[in-house]
Structure formats: structure tokens, C-alpha cells
Amino acid sequence: MSLLPDLKERFRRALADVADDTQSLLDLVRPSGDPKFGDYQANFAMPLGKRLGRPPRDVAAEIVARLEVDDFCHEPEIAGPGFINLRVKDDWLVEKLAAAVRDERLGIPTVAGPRRFVIDYSAPNVAKPMHVGHIRSTVIGNALVRILGFLGHRVIGDNHIGDWGTQFGMIIYGYKHFLDEPAYRENPVQELARLYRLVRRLMDYHEGRKKLPALEEKVARQEAWLEEQRNAAGREPDKKARKALQKLENGLEESRDELDALSGELAAVEADALLSKLVVEHPAIGSAVLAETAKLHVGNEENLRLWREFLPACEEEIDRIYRRLGVSFDHTLGESFYSDRLGAIVDELLEQGIARESDGAICVFLEGREVPMIVRKQDGAFLYATTDLATIRYRMEQFRPDAILYVVDHRQSLHFDQLFATARRLGYRDVELQHVSFGTVLGTDGRPFRTRAGDTVGLEGLLDEAVRRAAEIVAANDDAKPTGPEIPPPDRARIAERVGIAALKYADLSQNRTSDYVFSYDKMLAMQGNTATYMQYAYARVRSIFRKGGVDVEALRSSGAPILLDSPAERALGLEVLRFAEAIDLAMMDYRPNQLTAYLFDLANRYSTFFEECPVLKAETDEIRQSRLMLCDLTARTIRKGLELLGIEVVEKM
Ligand code: ARG
């Protein structure tokens with residue numbers, strides 16, 4: 001039994017004969033913000049009353065008369081204009097808590113109708129430095145895998161790595177022209193990353209040179225137009241004119257920034273002795289790179305051999321990060337896996353009249369979307385979208401999923417919109433296709449967060465830094481213990497790794513996934529607030545009580561001692577523990593792990609209050625002591641399980 005979902009079900013039944021569209025009304029059944037109004041509140045009487053043209057209080061009374069909840073709630077109360085307040089019965093809470101104590105799953109049921117999910121996540125483009133966005137996909141995707149799996153769904157995690165794209169044309173070109181042999185033998189990944197960056201820079205230089213005149217012209221045009229508008233607006237422009245001018249000024253500012261950045265980069269390349277020589281020697285590097293990529297795609301032996309040689313090193317590079325993040329996949333079927341299935345998809349799209357030729361390219365035109373989805377370019381090259389269509393087909397045939405979730409950056413939403421629409425037309429209708437999108441990670445300057453330029457191990461550097469700072473916190477915390485430090489140095493290092501990685505993951509998961517967020521080590525490692533550190537600390541604190549009290553946990557759990565909810569803090573904590581199922585439910589409704597972190601934070605706060613108000617080891621009676629220890633244990637287990645579902649480990653001491 002999970003409280004809110006069951007309560008909604010009861011309300012659904014009560015509403016059945018009274019209203020049509022009950023869903024929007026049921027969304028107004030919620031935990032109440034203030035215990036004064038009970039534990040849950042139904043606030044739909046006002047909109048429903050309006051709909052029916054009846055006074056809300058009457059409507060509320062009718063629903064209450066029809067509502068059957070007396071097995072777990074006290075008689076509902078109608079307050080104010082028609083709020084229905086519900087208070088859960090204490091003996092029901094006590095009984096459910098006792099059941100949770102005995103249950104591995106803490107009383108969380110598995111779903112009645114398990115579904116089959118494919119979760120497409122992480123998916124970095126290998127051979128390019130991974131960036132912080134890949135942490136987001138990896139961490140959110142892995143949490144979904146864990147949570148859905150815990151609910152009893154069949155979940156297949158697939159890492160659709162980019163292992164077939166232009167970046168390989170780039171490093172093949174780099175390898176053929178700029179290889180530093182000894183460096184490559186010494187550390188292939190690092191040398192490949194260097195080659196990638198070098199080629200990228202040379203390509204960008206030539207593209208930048210081409211772009212420069214147009215950009216300069218744009219700035220000049222904007223300057224002239226602004227000048228003209230300023231003159232037209234006169235000496236004392238009115239509010240509207242001022243606003244318009246401001247907008248123009250901002251636009252100009254933006255263009256100027258862009259121009260400055262570009263000119264700066266071009267100048268930097270030209271001032272560099274080696275780079276300036278290379279740009280002259282490789283004037284057509286852009287098209288040469290495309291040619292190398294195309295050669296790879298048509299099976300050119302040398303390029304294929306190089307690709308095979310590069311790939312293991314690239315995979316080892318990302319695997320190292322996955323090991324530290326505690327993430328593994330059922331499959332890693334990257335883009336290359338589908339390379340020989342692309343022609344067939346395009347043929348089928350053509351045959352079925354879903355795609356047609358336009359300017360030599362093969363395109364899918366979709367209703368209501370301005371741009372078509374290109375599946376084959378004029379030169380015969382296939383695209384990202386083509387691979388994704390082949391991937392859907394393969395997954396449908398191989399895994400027969402009920403849902404495929406793509407945990408990918410929000411900037412790809414147009415791609416997925418078109419992809420899903422096309423897949424539907426190809427006949428894949430009975431499958432939920434979802435772009436579980438996420439926002440951008442920002443630096444403190446409000447721009448997309450970047451690791452230091454030239455840092456080959458960008459992402460790993462990030463993990464290292466989080467762990468280094470965690471080590472400081474763990475050491476300081478341990479040194480400050482009133483009875484002296486209790487953690488030997490090797491354990492401290494192990495704990496710091498867990499605390500650091502946890503902080504990073506949790507910081508990501510606790511954000512509303514669709515918003516951007518600012519990356520901050522200080523915030524993510526704060527001992528107070530909605531952080532992993534706070535949660536891990538709450539857990540460790542319970543464990544320390546058990547150690548101090550010499551409590552035998554197993555004996556406690558099987559004791560069958562009653563749980564007492566006599567004080568408000570105990571009752572609030574007990575109720576919160578039982579809300580775990582509700583939180584998981586809510587988190588999976590729209591695939592939002594932050595619903596779970598928010599719950600854990602509430603739980604930890606309730607625990608804090610309980611801990612301040614209710615002595616545990618020094619409780620007045622033995623019976624109360626047992627009961628409180630059981631509440632502590634349930635809290636710790638819920639935190640541990642909740643964190644585990646997010647891919648985060650607890651520590652026994654910190
Ligand atoms: N490799 C892509 C990128 O880094 C993400 C792939 C996501 N998955 C997919 N099936 N398109 O942008």
C-alpha cells in the first residue's frame with residue numbers, strides 16, 4: 001500500500017458518478033503543507049463546484065459521503081470553502097511501519113503490470129573529451145534504470161555511444177599527419193585527444209576565417225541601424241523607444257562579443273609558430289576530414305583498421321569513469337553497430353512514401369514541422385537520425401520494449417520529435433517513445449560549464465576535484481569529534497571517494513532535470529541542505545547511535561516490539577517513512593529523480609527534528625527506547641535504499 005496513490009484511487013471511485021474528467025481533480029489530492037490540516041488534502045471542490053454549478057462545500061460533502069477511507073483514515077473534515085482534510089489513523093501507521101520493519105523492500109510493492117523499458121543513456125561521442133553533460137545523462141539514466149528495476153519492470157540499459165562519427169575522420173586525419181609516435185605508444189588516449197583537439201582547432205580556424213567577413217558586416221550593420229534609431233528617437237526617447245534601443249544595444253553587444261571571441265582565436269592561432277604553419281599547410285582540412293570519415297564508412301581498409309585500433313582505448317577511457325560512477329550497461333550498441341543497416345531503412349522510408357528526394361537528399365517531411373528530417377545527404381552519407389531509426393527498429397525486434405527512454409540533452413528535442421514521428425509512421429505505434437531531456441550545466445559565470453581548456457581528462461578531473469574536497473571535509477569532520485578521530489587514513493580515502501562521487505551525482509539528480517543548473521563544489525558538498533553529504537551524514541549518524549548503544553539490529557527488527565507514535569515528531573517521522581512509495585511513484589510519473597531526492601531531504605529533516613526532540617538511547621522507558629531505535633533503523637534503511645536507487649552509496653562513518 002502506498003498512501004497517496006491509494007488515497008487517489010479511493011477518491012477516483014468516489015468521484016466516478018459525480019464528475020467526468022477526474023484526473024485533473026485527482027491532481028489536487030496532495031500531502032497537506034501544514035499538519036493543522038491533516039496529512040492529506042483534497043482541494044478539488046472549488047473547480048468541481050464551478051463545473052457542476054453547485055456550492056463547493058456541498059460538493060465536498062457529497063464526495064466525503066461517497067468516500068470510503070475509514071480503514072486507514074479518520075472521518076474526513078471539510079474546512080473553509082470546501083477543502084477536504086484527511087488524517088491517517090495512528091494504528092494504521094503503526095501497523096504499516098511494523099510491516100516495513102519486517103520487509104526487505106520496506107513495504108514498497110512491485111508494480112502490478114511490469115513493463116519492458118529500454119533506457120538509452122550516457123552515450124558520449126568517444127574519442128572526444130567527455131564533458132559534464134555526459135554526467136547528467138549517465139547519472140539520471142542510471143537512476144531510472146535502478147528505480148524502474150526496483151519497481152519490478154524489466155529494464156535494459158543501452159549505451160548508444162557515438163563511435164562512428166566525424167570525430168573519427170578527425171583523429172584519422174590527425175594520425176596520418178600529426179602523430180607523435182612515442183606519445184601514442186606511451187598513452188594512446190591522450191595522444192588521440194591531442195590529435196582531436198589539434199585538428200578541431202585547425203578546422204575551426206578555417207571555418208572562422210570564412211565566417212569573419214559576414215560577422216564583421218553584421219556588426220557594422222547593427223551599429224549603423226542603432227545609430228539611425230537613436231537619431232530617430234531623438235534626445236528624450238519615450239519608454240517604448242528606450243526599450244527598443246536597449247534591445248538593439250544588447251543584440252549589438254552580443255555580436256561584438258562573438259566577433260571578439262572569433263578574432264581573438266584567429267589571432268591566437270596566427271601568433272603560434274606551429275599552428276600558423278599548420279593552417280597554411282592544411283588549407284582544406286575540413287573537407288579532408290569529411291573524406292576520411294566517408295572512407296571509413298564505405299569500408300576503406302586502412303581507415304577501418306585505424307578505427308579498430310583506436311576504439312578499445314576510447315572505450316577504456318569511458319569505462320574508467322563508469323567504474324568510478326558505479327554505472328554499468330546491459331548493452332553498448334553504438335552507432336557503428338548499425339552502420340550496415342542504414343541503407344535498408346532509407347529504402348523502406350522511400351518505398352512506403354514516408355521519405356522523398358529533395359535537392360538530391362532523402363528527407364522525411366513531417367506535418368507541422370518546418371524543417372524536414374534528412375536521412376541521406378546528397379553525397380550519400382547517412383545521418384544521426386538514420387542511425388536512430390535503425391536503432392529503434394533493432395530494439396523493437398530484439399527487445400520488444402513497451403517504452404524506450406532517451407536521456408539526452410534538451411538541445412536535441414527537435415531531433416527526437418522528428419525521430420518519434422517518423423518511427424510512428426514506420427509502424428512503431430504501441431511503444432512509448434520519450435525524450436527524457438535535461439538542461440545545461442552552467443559555470444558560475446552563467447555560461448555552459450567547461451573544464452579547463454587543454455585538460456585531456458576533463459570529466460575525470462571533475463571527479464578528482466570532488467573527491468579531493470570531500471577528503472578535506474571527512475578529515476575535518478573526523479578530527480572534530482569530541483572523543484577524537486575514529487577513522488584510520490585508508491578508510492578516510494575510501495569514504496572520501498564515496499562522499500565526493502555521491503555529492504556530484506546527487507547535485508545533478510536533485511535538480512529539476514529540465515532546468516539548467518549552476519555547478520558548484522561548495523554547494524554539492526555542503527553538510528546542510530539538500531545534498532548527498534547531508535543524507536550520508538544522517539545515515540552515518542544513525543549507525544553511530546547503534547554502535548554507541550551496542551544495539552543488535554537484527555534482534556531489534558525481529559523483536560516485534562511496538563512502534564509508538566506518541567509525540568508529533570515521532571508521528572511525523574513515521575508517516576514520512578511510509579511516504580517512500582509515494583515518492584518513488586511521483587518520481588517515475590515523469591521520470592524525475594529529483595522527486596526522490598526531495599523526499600529524502602524531507603525525511604532527513606523529519607529525522608533531525610525527531611532526533612532533537614526525542615532522546616533515543618536515553619529514552620524514558622525501555623519500550624520507548626526500542627520504538628525509537630526502530631524508527632531510527634527504518635529511517636536509515638529508507639535513506640540507504642533511496643540513495644541506492646539513485647546510484648549513491650552510504651558510508652557507515654564520516
Ligand atoms: N552521442 C550523442 C551525443 O553525444 C547522444 C546519443 C543519444 N542517443 C541517441 N539514441 N541518439 O550527443
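Note that the structure is a prediction, hence the values are computed from the model and not measured. For the numbers below, each heavy atom of this structure counts, side chains included, while hydrogens, waters and symmetry mates do not. First listed ligand is number 1; within each ligand, the first listed atom is number 1.
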Short N or O distance, R395 and ligand 1, threshold 3.5 Å exclusive: no
Short list, please: which atoms of ligand 1 are under 4.0 Å from a heavy atom of V408? 7 (C)
Would you mind checking if K218 and E254 are paired as a salt bridge, meaning a charged N to carboxylate O distance below 4.0 Å? no
Does this structure show an ion pair linking E191 with R185, if we count only N-O contacts that are shorter than 4.0 Å? no
The atoms of ligand 1 lying under 4.0 Å from a heavy atom of N125, numbered in the order shown, are 1 (N), 2 (C), 3 (C), 4 (O)
Which residue holds the protein heavy atom closest to atom 8 (N) of ligand 1, what is that atom called, and what is the gap in Å? D120 OD1, 3.1 Å
Quick one: which ligand 1 atoms are inside 4.0 Å of a heavy atom on H134? 4 (O)
Under 4.0 Å from one or more heavy atoms of Y406, ligand 1 contributes atoms 10 (N)
Once you restrict to heavy atoms under 4.0 Å, what part of I161 touches ligand 1? Side chain, backbone, both or neither. neither
Does the distance from a Lys or Arg side-chain N to an Asp or Glu carboxylate O, for D409 and R136, drop under 4.0 Å? no
If you measure from the Lys or Arg side-chain nitrogens to the Asp or Glu carboxylate oxygens, is any gap between R146 and E644 under 4.0 Å? no
The answer for which part of F416 has a heavy atom under 4.0 Å from ligand 1 is side chain
Any ion pair linking E317 and K128 (charged N to carboxylate O, less than 4.0 Å)? no
Numbered in order shown, the ligand 1 atoms found under 4.0 Å of a heavy atom of Q412 are 3 (C), 12 (O)
Number the atoms of ligand 1 from 1 as they appear, then name those within less than 4.0 Å of a heavy atom of Y384, with their elements. 2 (C), 5 (C), 6 (C), 7 (C), 9 (C), 11 (N)
Is there a donor-acceptor contact under 3.5 Å linking the side chains of Y406 and D388? no
Salt-bridge criterion met for D120 and R395 (N-O under 4.0 Å): yes
Are T391 and ligand 1 in contact, using a heavy-atom cut-off of under 4.0 Å? no
Between R305 and E301, is there a salt bridge with N-O shorter than 4.0 Å? no
